[in-house]
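Remarks on the structure that follows.
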Amino acid sequence: MSIAILANHRASSVWKKVIQEKLPNTPVAIFNESTTALDAEFLVCWKPENEQLKAFSNLKVIQSLGAGVDHIFDGNEIADNVKVVRLIDEQLTTDMWEYTLAATMGYLKDFAKYKRQESYTYWDRRHYKTIPETTVSILGLGQIGGYVAKQFAKLGFKVQGWSNSPKKIRKVKTFAGLEQLPKLLKKTDVLINILPLTSSTKGILNHDLLSQLPKGAYLINVGRGGHLVENDLIPLIDSGQLSGATLDVFEKEPLPKNHLFWNHRKIQVTPHVASMTNVKSTVNQVVENYLRMKNGRELLNEVSPQKGY
Ligand code: GLV
């Protein structure tokens, strides 16, 4: 049994080193560095290119190096006998909470506007909303979204959450299914997207949905770039329907240099850093899944290929 690493844009050699330290007798090879990688049963994987997974003939398990698995299914056909697992990590979850809180507070306290005013020494005071006056709505109430919703509620925000199937979370008003979405949107000040990217959530942040928010609402996208119809966003901001957006994920990453989002004064761009996989805190989960595969045991955090999460 052996392990291969195919991690585009991630530190393959670091992963190889930490896995090898924990499993000194197991062959661990990096795709493209050694042809033996192609014989592996267990693949540690991030953003494979289209059809790249075809080259592996013995695969039993694909371990995503993130919470999302869309990058594995997108452009690759996964055989029925291959299991796909994702990372669920406390650190990833709390990092996401910290990022969404920072973006929300930046919006509430108008930091971007005052930064601009600073550049022309302009003194203009603007009314602000307090935490108890603010309704934050979270799209996606899975491991991460559910935690984020709870934390916002603990701080005293009014919190709503939406998911595919009904969920109950203390102090969070929950909605489920597309038919309930307009009710949530109607009362939202800050919309935070943490949905998984699937065929049914692709393009969900579009003109029609964002127009149902109250005028001046704010968007935070930490899900995937594919959730947002990028061309719809700037007109909605320029017309005042949205007061701005913080975007951490994009259709194409890195965000192309000539993309209009870079220079828009009401869009805060961050380079997919809301929650970055921490090798130290997640390597044990990867190794545990390899051992479970080897011993024919149930895997940790297996996803449903039908649902895509
Ligand atoms: C990051 O985007 C992840 O899926 O963990």
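In what follows, every heavy atom counts, from backbone to side chain, and hydrogens, waters and symmetry copies are set aside. Predicted model only: the values in this text are computed from it and were never measured. For ligands, and for the atoms within them, numbers begin at 1 and follow the listed sequence.
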- Message: Give the atom numbers and elements of ligand 1 that come within less than 4.0 Å of a heavy atom of Ala67.
- Response: 3 (C), 4 (O), 5 (O)

- Give a yes or no on whether the backbone of Pro256 and the side-chain of Trp262 come within a donor-acceptor separation of less than 3.5 Å. yes

- Query: For ligand 1, which atoms, with element, lie under 4.0 Å from some heavy atom of Gly68?
  - Reply: 3 (C), 4 (O)

- Task: Go through ligand 1 atom by atom and flag the ones less than 4.0 Å from a non-hydrogen atom of Arg224.
- Result: 1 (C), 2 (O), 3 (C), 4 (O)

- Item | Any donor-acceptor N or O pair under 3.5 Å, side chains Thr270, Tyr99 | yes

- Task: Using the six-membered ring of Phe175, assess whether NZ or CZ of Lys183 lies under 6.0 Å from its centre and within 45 degrees of the ring axis.
- Result: no

- Tell me, please: is His272 in heavy-atom contact with ligand 1, that is, under 4.0 Å? yes

- Task: Could you tell me whether a side-chain N or O of Gln285 sits under 3.5 Å from a main-chain N or O of Ile88, the two making a donor and an acceptor?
- Result: yes

